[in-house]
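What you see is a predicted model; the values in this text were computed from it and never measured.
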Amino acid sequence: MNILLSVLLGLLVFAAPARAEVEQCRFIQAKPEREACYTRQEAALAAKRKPAPVSNADTRMIETLEQMRREDAEVYRSLHSICRGC
């Protein structure tokens, strides 16, 4: 029980600065500085959302899955023309 409480407290401590970092722009009084702050935040969030580059192994796996789907679709079409509701 004590460990669970300490883990939750740790999560709250680490989550609070991240949230505060996002909300700091709205408290800036000067409009140009506030807009610059929002621009920096937008760039930082866009960098975080940027997907990781796809490796060669991932590309081969995707191609294999697509090939399997095409083959499955072909088999289903051929079965549908042979067996209608049996």
Side-chain angles (χ1 to χ4, degrees):
M1 181 72 176
N2 214 4
I3 294 172
L4 179 64
L5 183 60
S6 62
V7 169
L8 288 175
L9 183 62
L11 287 174
L12 287 175
V13 168
F14 288 114
R19 183 169 168 84
E21 182 179 317
V22 172
E23 294 183 7
Q24 72 181 347
C25 292
R26 68 179 164 158
F27 296 113
I28 298 174
Q29 296 296 319
K31 186 175 180 179
E33 292 175 19
R34 185 173 59 243
E35 289 178 355
C37 179
Y38 283 132
T39 304
R40 286 190 304 271
Q41 276 187 353
E42 184 178 344
L45 289 174
K48 286 181 183 178
R49 290 184 192 137
K50 193 174 195 179
V54 178
S55 70
N56 194 17
D58 291 339
T59 304
R60 277 187 267 131
M61 185 177 69
I62 291 172
E63 289 173 359
T64 304
L65 288 174
E66 289 175 350
Q67 177 65 29
M68 287 172 47
R69 287 182 184 149
R70 285 192 295 270
E71 291 172 356
D72 286 347
E74 186 178 325
V75 168
Y76 291 143
R77 271 186 260 121
S78 67
L79 286 177
H80 182 68
S81 64
I82 294 172
C83 178
R84 296 185 187 266
C86 53

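Taking OH from Tyr38 and CD from Glu33, the interatomic distance works out to 13.0 Å, rounded to the nearest 0.5 Å. The CG atom of Asp72 sits 10.5 Å away from atom CZ of Arg77, with the distance rounded to the nearest 0.5 Å.
Under the side-chain contact (heavy atoms from CB on, under 4.5 Å) criterion, Arg49 pairs with Leu45, sequence neighbours left out. Listed by chain and residue number, Ser55, Arg60 satisfy the side-chain contact (heavy atoms from CB on, under 4.5 Å) test with Ala57 (two or more places apart in sequence, or in another chain). Under the side-chain contact (heavy atoms from CB on, under 4.5 Å) criterion, Ala46 pairs with no residue at all, not counting sequence neighbours. By the side chain to side chain donor-acceptor pair (under 3.5 Å) test, Gln29 pairs with no residue at all, sequence neighbours left out. In this structure, the side chain to side chain donor-acceptor pair (under 3.5 Å) partners of Arg70, at least two apart in sequence or on a different chain, are Gln67. For Lys31, the side-chain contact (heavy atoms from CB on, under 4.5 Å) test picks out Arg34, Glu35, with sequence neighbours left out.
Around the CD atom of Glu71, the shell of radius 6.0 Å holds more than 12 heavy atoms that belong to other residues, nucleotides or ligands.
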